[in-house]
Structure formats: structure tokens, C-alpha cells
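Heads up, the thing below is written out as C-alpha cells.
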Amino acid sequence: MGVDMSNNPPTSRTKDFFVAPALSLSLAGIFRDAGATAVENMEVEEGDEGSGGHREDTADISSENSGPLRSRSDDDFDGEGEHDDEGDGDKNKKKKRKKYHRHTAEQIREMESLFKESPHPDEKQRQQLSKQLGLAPRQVKFWFQNRRTQIKAIQERHENSLLKGEMEKLRDENKAMREQINKACCPNCGTATTSRDSAGTTEEQQLRIENARLKAEVEKLRAALGKYPAGTASSPSCPTGKDQDTRSSLDFVTGIFGLEKTRIMETVNQAMEELTKMATAGEPLWIRSVETGREILNYDEYMKEFPIKNATNNGRPKRSIEASRETGVVFVDLPRLVQSFVDVNQWKEMFPCLISKAATVDVISDGEGPNRDGAVQLMFAELQMLTPMVATREVYFVRYCKQLSAEQWAIVDVSVDKVENNIDASLVKCRKRPSGCIIEDKSNGHCKVIWVEHLECQKSTVHTMYRTVINSGLAFGARHWVATLQLQCERLVFFMATNVPMKDSTGVATLAGRKSILKLAQRMTQSFCHAIGASSFHTWTKVSSKTGEDIRVASRKNLNDPGEPLGVILCAVSSVWLPASPHLLFDFLRDEARRNEWDIMSNGGPAHSIANLAKGQDRGNAVTIQSMKSKDNSMWILQDSCTNAYESMVVYAPVDITGMQSVMTGCDASNIAILPSGFSILPDGLESRPLVITSRQEEKSTEGGSLLTIAFQILTNTSPTAKLTMESVESVNTLISCTLRNIKTSLQCEDG
């Protein structure tokens, strides 16, 4: 299909759409203690909410706690000014005089009450309220505008204060580590001054690792607020300055890790040579499987070509080797693709289903030019599958980005022994032998990518259901990385496109509206991936369902993130094997016409499509807005479905109708609270096999089954201080059990 790239998308007005009902109660005390003062809430006639109008502090934002606010915020002008002509034919007129009207306590109380229920009242609600209170509709409209602006200002200040606290904590820890290291090391050679000092290095190492973890945790806030641009070499935990501060923090731990810069550069250059050979060599190094079509590494040939020095286990646990190679074409320009590997935040966003955490621990070399040719970074990543049943893989590695020619770049990742020898063995679950990709510019906005993934992993117990897909190298292999990259690049192209055919963009009138919806859907899916894995972010508790499946539950508290509801959130996940092909299961779950067959929230009623936006060439890659009506109410569902050669997902969440209507017009969706649930679908790893010998094509082979992960998230209490109750766990247990039973019944696989 013809899709153009546009570097100048039209801008859209940004507005808030959602304020949690409990927000006023929860934030009022915080800012009262901070000594905030009541402000003037001037009416905003022009300008965007959040940027125009008044944005000063307020002592309390709940009239129930503090009574009505008495200031000029309660003085709404009628909007009718007076002017006098100054002589015949004189076109200059005096400016309009504003007539101010002070709201009564009753008027404020009524508007506060409606605001808690609906921060964005529609025209009918405003008309009704204006008649009830004796105010002009525009006065009611401006009061609600100003109220939302106040709430947003308070949220931003609170987020800034939290971020500042995290940054100060990191600075203090970093300073303490530097002081201890300087005391323990000779200032000239960097080695420990006494053998007694070297005994304390373990604590230093653990402090350093914990510091890196804290950096990963705060990375989300840093990126969201934009205070520290993504990809910068310096960070709050590694301040820059004169003398010692201008050096990489690696220089301070030479005596601990043994990481001289020259040794690192030697290692990454050797890794680059190996990656280039691994990416371009054919047989006998790589042999293509007749049955699966995938390339298999001939390990004997590999050892001949790349002998490993001192190849002993050194007391390490036995490790398994996973090697894979995949070639694909991605629809993205070369500089943008290279930047997504150099910038850790972009890298993490490019592979949300594979990376649960990532951080740049140190920058050894910044590289040269706008594309940072020659950049070398020490990185940490936690790799995941979209199920809590498979443990994550934590890996430390050095990433080297190098331009090979005018049209070709190479990105190589390799683990460094000296780092891992000094890290708690329980953290080192996976090591990278030279891995990465060769990127070649094919013009017309396309790039050819040859991806090599070569891992050493500790042998560990894997659930029988996932053993085949992991041992075959599919779960963390090159095919998965390339398929995800292709999907994400295609999504980016459709997001930037200005000439999407009408059949691929129904229900949304403007380009700005399309972009806002796609952006909200992307955030929803990233949140879903973050919530359901086995990352150390979560502590999962195993419970049994009424139908025998294992269900894992975890709870978390949202104190201040406007992107999801405030309060206690319960996430429940179950993974099962079904004797149905992945594409059949995916098409069933994403089809709104069949939603009532599995979604018990629909009460058996049909779902109707309000909007359908394509975000890829496969018809399964789309964002839809669905409406479900019952006798009592109407509900809108935002759904994001995506599929590639390896993995499929259907993610959805109920959304506020008024807020969603605003997003459809192109308004900003960053503050819309959304709590996604959904499904992850994988092939079971059993390759297709002939069933019978026959000349009839349709009977020659069959697809394997599917590994289905189903996840539900519910808000159990709007108070973040509330405790999780067994009733909530029981409710979500029943929800998963009923949904799985409905799916099995519809697909006629009850015996699976």
C-alpha cells in the first residue's frame, strides 16, 4: 500500500481528559503540608489547558475538606464588555471591561460534586448545571477548564518532587561510593592500597549494582519529564564537571572490576569481527534445517573458527548454548534505526515484549558525529517472555556501534568476563557471546537487517509447557527480535503516514485524531507487557483456579502515575496450552463480532466497531474502538491487536467515553488513565509434521497448538493505602476461569 513519511505532522491542542475521583482527596493533604497557598483561578478563554491560564499552587482541591475556595477563582466574568466611541469615524475603541461575578458556596459545591464524577462534562451537562446554578454555560465551561488546569499543575509538581528525591538519593549514593573507592585505591595506579581493603570490595560492587538498578527504576520518570534527554552520557548519578568528574565512573573502579578502557576496546573489536563473520558465513558454519527452514549453528565448526581462550567453567554452573540467525527487511531509515540501539530508552520501547528493564550503566565512549559512530556503552537488560511462568534473563554486556561503510552499520553486544566475575552469581543468568545485527541501507526508507543471537545461559528448570519453545531458541532468538523490529517499524510508518487509505482509517475524521489514538494504544500495550512478565518488578503468588489452571496474582499501588487509575491494582495471569493454531486463536480473540462469546463483561451483548485504524499491512495489526451496550449502561473498549511471524497479542481496556471522544479529535491522551488486560499467543514450538502420506495438499500437514497467556487487571480500591482482599483475588480468579472456559467452548477444544 502507498504510505508516505511525514516529518512535519500537524500539531494538535493538548488537553487533560481524566482525573481520578480520589485524586482530590489524596493530593489535598500532600500539598497542604507543603505549605501551598490558595490561588486565583482565572477563567481561561483562549489557549490550551495545561499551558495557558493560571497555574499557581492551591492549598486544597477538595471542597469537602476545606470548604469553598474564596479568591478571584470564583469570579467568572460575563464576557460582555462595554465600550465608548471616541468621536465620529474614530475606529479605536476602549478595551472591554470585564464584569466579575463571585460564585456562591453552593455553586462551587455543586460544580465540585460534578467534577469528581465527570471532569469533562458534555454540553448537555453544562446546560443543565448552568440552569440549576443560575450561571451562564460559558461560566460553567471555564470553571471546569480552570479546575483541570489546577489538577494538572499539582500532578506535575508532585511528580517533579518525587523525581527530585530519587535523583538526590542517587547522587548521595554515588558520592559515597566515590569517596570509599578513593580511600581504598592508590590515586596513581588505582589498585587497592592494602589486602585488607580488597576484602571490602564486594560491598562496593553490590552498591554499584544497586545504583545501576536504581537508575533503571528512575529511567521512566526521567524520560517522561524530559528533564534529562534520552541518550545523554551524563546523568544525575554520574555528574559531569572538572577533574575527576569528567572521567567515566569506570575509571574509579579499575582496581575492582579490572576494566581498562584499552582492554574493553580490544574485546569489542574482536566481537565485531566475529559478528561480521557469523552474519555473512554460509555452510558449514550455518546449516539450514530441511524441516523448519531455520538456520542451525554447527558448533564444531564454530569452535574451529572462533576458539575460546581458557574455555573452562571455572566452577560456574553448566550452561546451555543458544545460537540463531535471521534476515529481514524493515521499513525505517538507517539513522533512525541506529539511534534506536544507541539510546537505551528507544531500544526498550522498540522491543516492549522482550525487554522488561534496561539501563546504560556506563558510557565508555560517546562516539563521533550525530549518529555516535564508535559509541561503547556498558549496559544492563532484563529479558522476558510475556508470562510469569518463565524466569527472566538478566544480562550485563558492552554494546559497540560502528559504521562499516556509507550504507552499512554494525551493532554488537558482548558480555565482559571481568564484570561478571565480580557480580553476585545469582544475578548472572545469561551471557552474550558476540551478538547483534548488521544493518544495510537499501534506499527508499528500507533497511536489510541480519541478526545473530548467541547466548550462554545457566541451565535451569523450565515449565514443561514452555520447554520446547525455549530450548529451540525461538523465545529469545533472532527470529523473535527481527519479527518484533519489523512490527514496530511498520507501526511507526503508519503512525507518521499522511495518506492512509480510508479503508484503513475508519471512524476518525482527522490525522491528529488518528495519531492520538495510536499513541494511546501503544502506551496501553507497553503497560500490558510491563505488567505480566516475571520481572523483579512483580512478586507473583500462585493460586489454583476452579477449573484446575494455575493462576498467578500480583498487586501494586499506584500513587501518582496519571497514566493508570490511582489505588490498589490487582493483576492475575494464567498460561495454558490449547490445541488450536495461533492464527486461528488470534483471529477469534480480536474479532468484535465474536467478543460476546468470551468476554463476560459484555453480558452476551454484541460489540460494535466505532473506529478501526490500521497500523500495519497485515489486517490483524490494527487499533479499534468498540462499543458494548447493555440495559443499564454503555461502555467503550480500546483494543490494540498485533501479530508477527512469532507472536500475537490482543490488548484491550475500558475507556472513559468523554475522554476517548476528545482523543478522537486529536487531543493529548497522556493523562488518560487506562488499565489494560489481554492475551499473548505463541506457537507451542512443535514444528509442523506430515500426518499422512497423501497427494492432497490440505491433508499433508497441520499447525501445532498455541500457548495462550490471559491477563486481567482490576482496580480493587481507589485508596493506595488500602489492603488487598481475598474477595478481590476470588473475583479475578472467577473472571479468568470463566473466560478460559468460554474460549475453549467456542473453539471446540474443551479437552485441551
Side-chain angles (χ1 to χ4, degrees), residues 352-354 356 384-389 484 487-488 491 517-518 520-535 538 540 549 551-554 556 563-565 569-576 578 580 582-592 594-602 607 609 612-613 615-616 620-626 628 635-644 646-655 660 672-682 706-715 732 735-740 742-743 746-747:
C353 56
L354 274 160
S356 57
Q384 69 171 6
M385 289 185 67
L386 295 182
T387 174
M389 298 179 70
T484 304
L487 180 66
Q488 292 293 93
R491 178 197 58 78
I517 294 172
L518 292 178
L520 177 60
Q522 181 190 8
R523 173 162 69 87
M524 177 179 69
T525 299
Q526 288 177 339
S527 174
F528 176 78
C529 294
H530 187 268
I532 71 170
S535 171
H538 318 295
W540 296 99
E549 293 90 358
I551 297 177
R552 287 163 173 78
V553 297
R556 66 182 187 275
E564 62 182 23
I569 297 171
L570 176 64
C571 180
V573 184
S574 182
S575 297
V576 297
L578 294 178
H583 82 269
L584 177 66
L585 187 55
F586 173 68
D587 286 341
F588 168 70
L589 292 172
R590 72 181 182 84
D591 187 357
E592 68 267 14
R594 303 189 68 181
R595 186 182 196 96
N596 58 349
E597 295 183 34
W598 60 264
D599 190 353
I600 63 176
M601 302 301 292
S602 67
S609 179
N612 189 310
L613 309 179
K615 61 185 184 73
N621 289 316
V623 175
T624 60
I625 301 174
Q626 302 172 13
M628 294 192 300
M635 179 170 61
W636 279 18
I637 299 290
L638 176 66
Q639 178 174 293
D640 185 14
S641 58
C642 18
T643 184
N644 58 40
Y646 171 74
E647 186 173 30
S648 301
M649 280 190 291
V650 178
V651 183
Y652 65 92
V655 289
M660 202 64 213
I672 283 192
I674 198 162
L675 194 59
S677 299
F679 307 92
S680 168
I681 306 166
L682 299 178
S706 300
L707 300 175
L708 172 68
T709 296
I710 176 173
F712 285 108
Q713 295 192 94
I714 59 172
L715 182 68
V732 80
L735 187 61
I736 284 185
S737 300
C738 292
T739 304
L740 281 174
N742 291 343
I743 292 172
S746 294
L747 297 179

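As the structure is a prediction and not an experimental result, all values here were calculated from the model.
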Backbone N/O of Q639 and side chain of Q626: donor-acceptor pair under 3.5 Å | no
Taking all atoms of both residues into account, what is the closest heavy-atom pair of L675 and L715, and its distance?
-> CD2-N, 3.7 Å
For S706, all residues meeting side chain to side chain donor-acceptor pair (under 3.5 Å), sequence neighbours excluded | none
Judged by atom type as modelled, is there a donor-acceptor pair below 3.5 Å linking the side chain of T387 to the main-chain atoms of T709?
-> no
Whether over 12 other heavy atoms sit under 6.0 Å from M635 CE | yes
Step by step, work out the ring-ring contact (aromatic ring centres under 6.0 Å, His included) result for Y652 and W598.
-> CA-CA 14 Å; Y652 65 92; W598 60 264; 5.7 Å; yes
So, W540 side chain and I551 main chain: donor-acceptor pair closer than 3.5 Å or not?
-> no
Do you know which two heavy atoms are closest between S680 and M649, and how far apart they sit?
-> CA-CG, 4.2 Å
Candidate list Q713, R523, R556, test side chain to side chain donor-acceptor pair (under 3.5 Å), partner E564, passing option | R556
Between E597 and R594, is there a side-chain N and carboxylate O pair less than 4.0 Å apart?
-> yes
Run the side chain to side chain contact (heavy atoms under 4.5 Å, CB included) check on T624 and R590 step by step: do they pass?
-> CA-CA 9 Å; T624 60; R590 72 181 182 84; over 6 Å; no
S648 (side chain) donor-acceptor with N644 (main chain) under 3.5 angstrom | no
For side chain to side chain contact (heavy atoms under 4.5 Å, CB included), just list the numbers for I743 and L589, CA-CA rounded to whole Å, side-chain angles, deciding distance to a tenth of an Å, and then say yes or no.
-> CA-CA 9 Å; I743 292 172; L589 292 172; 3.9 Å; yes
Where the side chain of D640 meets the backbone of V650, is there a donor-acceptor pair that is under 3.5 Å apart?
-> no
